[in-house]
Protein chains: 4
Amino acid sequence: MTRAATHRCGAGRAGRAVGRGGSVADGRSRRREDTRQRLFEAAVQLIAEQGFSATTVEDIAARAGVAKGTVYYNFESKTVLFEELLRHGIGLLTAEFRAAVDGLPPREALAALVRAELEYIRRYRAFAQLLLSEMWRTNREWQQTLRLLRGEAIEVIAETVRAGVASGDLPADLDVPTASSALFGVGLVVAVDWLVFQPDRPIADVQDALLGIVRRVAQT
Amino acid sequence: MTRAATHRCGAGRAGRAVGRGGSVADGRSRRREDTRQRLFEAAVQLIAEQGFSATTVEDIAARAGVAKGTVYYNFESKTVLFEELLRHGIGLLTAEFRAAVDGLPPREALAALVRAELEYIRRYRAFAQLLLSEMWRTNREWQQTLRLLRGEAIEVIAETVRAGVASGDLPADLDVPTASSALFGVGLVVAVDWLVFQPDRPIADVQDALLGIVRRVAQT
Amino acid sequence: MTRAATHRCGAGRAGRAVGRGGSVADGRSRRREDTRQRLFEAAVQLIAEQGFSATTVEDIAARAGVAKGTVYYNFESKTVLFEELLRHGIGLLTAEFRAAVDGLPPREALAALVRAELEYIRRYRAFAQLLLSEMWRTNREWQQTLRLLRGEAIEVIAETVRAGVASGDLPADLDVPTASSALFGVGLVVAVDWLVFQPDRPIADVQDALLGIVRRVAQT
Amino acid sequence: MTRAATHRCGAGRAGRAVGRGGSVADGRSRRREDTRQRLFEAAVQLIAEQGFSATTVEDIAARAGVAKGTVYYNFESKTVLFEELLRHGIGLLTAEFRAAVDGLPPREALAALVRAELEYIRRYRAFAQLLLSEMWRTNREWQQTLRLLRGEAIEVIAETVRAGVASGDLPADLDVPTASSALFGVGLVVAVDWLVFQPDRPIADVQDALLGIVRRVAQT
DNA sequence: CATGAATGAGCGTTCATTCAT
DNA sequence: AATGAATGAACGCTCATTCAT
């Protein structure tokens, strides 16, 4: 509808001219990479709002400002687009988890993880919403992919928890996988609940509350 | 809809209707009520697994063992079926919440709520999964309905929390709506995570863990 | 909706008691004949407004104040109901045509036919509308029936025209079938146009206009 | 819809679009326009034979030689397709009416109108049949549209009749709207009756008969 | 005589996908 | 690299018809 404005015709092109439409390192042209990025952004927003099945390829193309065929030029299928989206989004989260705990002692690392999760959710709220909706579904095509990715993110938490147990900062009889998984889920649901139902409240409050819970639980 | 009443002309007929599989108190025949129940059960299972949009009316009918048309004889539309399902399911939960806290002092009431929520989720796991997936979506037809119902369930928690604050059992500066909402969400996500990812683990563990968290947090 | 009132429960029944629900001359009970009549009336109105295909059996039953199953208890199928309707309606028209021309000399008979047609259309406007819409369709199930019935009605006109030609009141080279058919059609379209687009105008005007045309044409 | 324009960034591209089956003046490709035309033709034939409701979209697509989905790529809905058809068809008739009367004195103009109507009906017999069946229906979605279009066509007749009254060629007390409307309807019903029931008879006969009637009536 | 619950074929419509340009 | 016209399987929904009561 009002897409025209977002489809840059001016300066954007000059920049592209530098590369002469040529391919970048990974074998894809800059223009194409840009289109893919726009499609990702459109898809994540729409799927967060409506869910995967209720979001049409036409919707995604329209919000990205391209024609429907372009989606298929850039992605094998709607499902593949979504899987790549999941990979991309959870990969980013995992990376931030790793960056957050890097070199920190268990206690602080745990707090840093909570902070990183909230920070991530704040920045990519649509993706977080989408995760919350899809993570506990069964019988979907991309289930396999999602479980795998979830495992990678939670593994970072698990490593930290394990270190805490080893160092005596956390109770010795703690069920590590369960605790890690719960920690991840609690952060997700509390943060999304906050974004959806009380968007005006400062994130610091939420962070404090969550850190408080984690600390108290950990102390036992 | 309400035609039945306008057709009967004498009192004598009412007796027959009751005695021969005729209409029950709310104006629907026993057979029909049975069909509706079967459709509810089929729908909740399928939607929990695949989501609303990915579940077809044909699927629902097949699992309920009736013809497709029967769904539409009993429900206005797929959306309405789902809304009535939400109403039915959350209504049940709210009722169990009320029964759980009945007459208990704040502390014990809070524990009873956690127990009730877990018990409910264990019994109606598919519905819980479905709730987890739909509750934080935006832009869906039934959003309005869902928010309202969520409010009713959470209000029971809020009343308990408020009583706890009043009695000094809970910190005076507690943000009641946020705490209630978080409590609800945490229970949901932890329990569903457990059901989906570690179904073999006894529910008692999960209950203990959750009660532990709540108790510790409350003590502060 | 507001059907309740039309479904008589009071005095109507007392009357029926006289017959003790027994069968009348043609082998059908009075009650059943009454139901059939009500279904005819409902059907003719709805089909005139919306057409045959767009009118549902449910619609007809509802307007007649009976259950859907009752339609099938009284008529073999929707098509058969419509065919019987056509037979009934056109049979009535043909009878009135015959009554109108009875014993009259050609000239006056022609005028009487026009008057009879208009009178009929005024009385059974819905049926006339329905005829206008269906008469020139091809490829419909009841086409055969309709052509036959149309033929019977037009035959009365044709007999009169033929008599006029024989008596010298009408031109000898007149194409009798065409003239009869046109006369019938013109009356129908002019009268229905009047009913639909200028219902406030007195029928006398229309009658005068039509008679004027016919007379002038005949004089030639 | 109007996206094409917002996508092109330079003038250079426009040339290509025109030269290579691209978009034509009104923004639709030649191929698409061709498909639309084929769908119009298929729809008018089938609806004339069976009526709107009894004609399926699949039928229309099949007769046009395209897939069902193509109908919806080119028209918003079955109803919209029909409305555009009505607009197209009656627009054409109105244009021919205007061309027929252009510059002629009242008397001759009236005869020209009759000739134009018959000529049109002969050429587009299916459309005429369809008009005859739908024009006097009530309670249909496109009623509004149809009335409006009918009004435009009849207005041309009315202007001519009014001119005739002004010039003294027609009786001063003539009810112009009624006369115009009747003239239109009579032409329609007589011509369609002829096409359906006596297709072998030369059109000239029908034209003569109609012109005769009109002339005689007008002379009075 | 009448009902209303149930049926399933078939409808209008949507949408992921293909492909010539 | 991108497009948009076309496709057809599959969807939500309707409705003429059946039948146990």
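Note on naming: letters A, B, ... go to the chains in the order of the sequence lines (proteins, then strands), and numbering restarts at 1 for each one.
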Considering only side-chain heavy atoms of [X], which listed nucleotide, [options], is closest?
X: K68(A); options: dA6(F), dC13(F), dA2(E); result: dA6(F)
X: Y72(B); options: dT3(F), dG12(F), dA1(F); result: dG12(F)
X: V66(D); options: dT7(F), dT17(E), dA16(F); result: dT7(F)
X: R31(D); options: dA5(F), dA16(E), dT13(E); result: dA5(F)
X: T70(A); options: dT17(E), dA2(E), dT3(F); result: dT3(F)

Ranking V57(A) and G69(C) by the position along DNA chain E of their nearest nucleotide, the one closer to 5' is G69(C)

Distance check: side-chain N/O of [X] vs OP1/OP2 of [N], anything under 4.0 Å?
X: N74(B); N: dA5(E); answer: no
X: Y73(C); N: dA2(E); answer: no
X: T35(C); N: dA2(E); answer: yes

Between [N] ([atom2]) and [X] ([atom1]): distance, integer Å:
X: D59(B); N: dC11(F); atom1: CG; atom2: P; result: 7 Å
X: F82(B); N: dG12(F); atom1: CZ; atom2: P; result: 14 Å
X: R28(D); N: dG4(F); atom1: CZ; atom2: C1'; result: 14 Å
X: R30(D); N: dG4(F); atom1: CZ; atom2: C1'; result: 16 Å
X: R38(C); N: dT3(E); atom1: CZ; atom2: P; result: 9 Å
X: E33(C); N: dC1(E); atom1: CD; atom2: C1'; result: 13 Å
X: I60(A); N: dA16(E); atom1: CD1; atom2: C1'; result: 11 Å
X: E58(D); N: dA9(E); atom1: CD; atom2: P; result: 16 Å

Looking at every strand, decide which applies to K78(A) at a 4.0 Å heavy-atom threshold: base, sugar-phosphate, or nothing. sugar-phosphate

Taking any heavy-atom pair under 4.0 Å as a contact, classify T55(D): base, sugar-phosphate, or nothing. sugar-phosphate

Check this for me: does any side-chain nitrogen of one of E33(B) and R36(B) sit under 4.0 Å from a carboxylate oxygen of the other?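 R36(B) and E33(B): salt-bridged.
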
Do the side chain of [X] and the main chain of [Y] share a donor and acceptor less than 3.5 angstrom apart?
X: R137(D); Y: S133(C); result: no
X: T55(B); Y: L46(B); result: yes
X: Q143(A); Y: R140(A); result: yes

Donor + acceptor pair across side chains of Q45(A), E41(A) (<3.5 Å):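 Judged by distance alone, the side chains do not pair up.
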
Got a sec: does the CD of E58(B) have more than 12 other heavy atoms crowding it under 6.0 Å?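 Not more than 12 within 6.0 Å, no.
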
Under 3.5 Å on both distances, the Watson-Crick or G-U partner of dC11(E):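 Base partner found: dG12(F).
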
Pairing partner of dA20(E) (Watson-Crick or G-U wobble, both distances under 3.5 Å):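 The answer is dT3(F), by the H-bond criterion.
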
In terms of the nearest nucleotide of DNA chain F, which residue is placed more toward the 5' end: R32(A) or T79(B)? R32(A)

For G65(D) and A54(C), take the nucleotide of DNA chain F holding the closest heavy atom to each; which residue's nucleotide lies nearer the 5' end?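 The residue whose closest nucleotide sits nearer the 5' end is G65(D).
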
